[in-house]
Amino acid sequence: MLVLSRRANQSIVIGDDIVVTVLDVRGDQVRLGISAPRHLAVHREEVYAQIQQENQAAATVAAGDAALLPRPPAH
């Protein structure tokens with residue numbers, strides 16, 4: 001892991017088109033501004049983990065679910 005020190009109003013650049021700026025530091029909280037292309041999703045870690053869990057659950061087929069699918073007509 002790369003560790004960088006930044007102060008308020010200072011930034012880091014990731015790749016060619018992502019800029020993370022420290023907006024404010026208060027006690028143990030840091031407010032960050034993130035500038036990234038619209039096609040890149042940016043989430044807090046806990047939100048990302050929840051999305052991954054929901055996607056995994058949606059992709060999992062329960063044992064009885066296949067019986068609910070319509071069967072193709074016999075030829």
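Start at 1 with the first residue, then count along the sequence.
Hydrophobic clustering (ILVMFWY, side-chain heavy atoms < 4.5 Å, transitive): L4 and I14 are in one cluster. Using a 4.5 Å cut-off between side-chain heavy atoms of Ile, Leu, Val, Met, Phe, Trp and Tyr, with links allowed through other members, V3 and V30 fall into different hydrophobic clusters.
Atom CZ of R6 sits in a crowded spot, with more than 12 heavy atoms from other residues, nucleotides or ligands closer than 6.0 Å.
Residues D24 and V22 have side chains not in contact (no heavy-atom distance under 4.5 Å, counting atoms from C-beta outward).
Annotation: the span from N9 atom CG to L23 atom CG amounts to 7.5 Å, rounded to 0.5 Å. Interatomic distance, OG of S11 versus CG of L32, reported as 10.0 Å (0.5 Å rounding).
Without hydrogens or angle criteria, Q10 side chain to R7 main chain gives a donor-acceptor distance under 3.5 Å.
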Hey, can you pull the donor-acceptor pairs under 3.5 Å for the side chains in residues 34-52, sequence neighbours left out?
{"from": "R44", "atom 1": "NE", "to": "E46", "atom 2": "OE2", "distance (Å)": "2.7"}
{"from": "Y48", "atom 1": "OH", "to": "Q52", "atom 2": "NE2", "distance (Å)": "3.4"}
{"from": "Q50", "atom 1": "NE2", "to": "E54", "atom 2": "OE2", "distance (Å)": "2.9"}

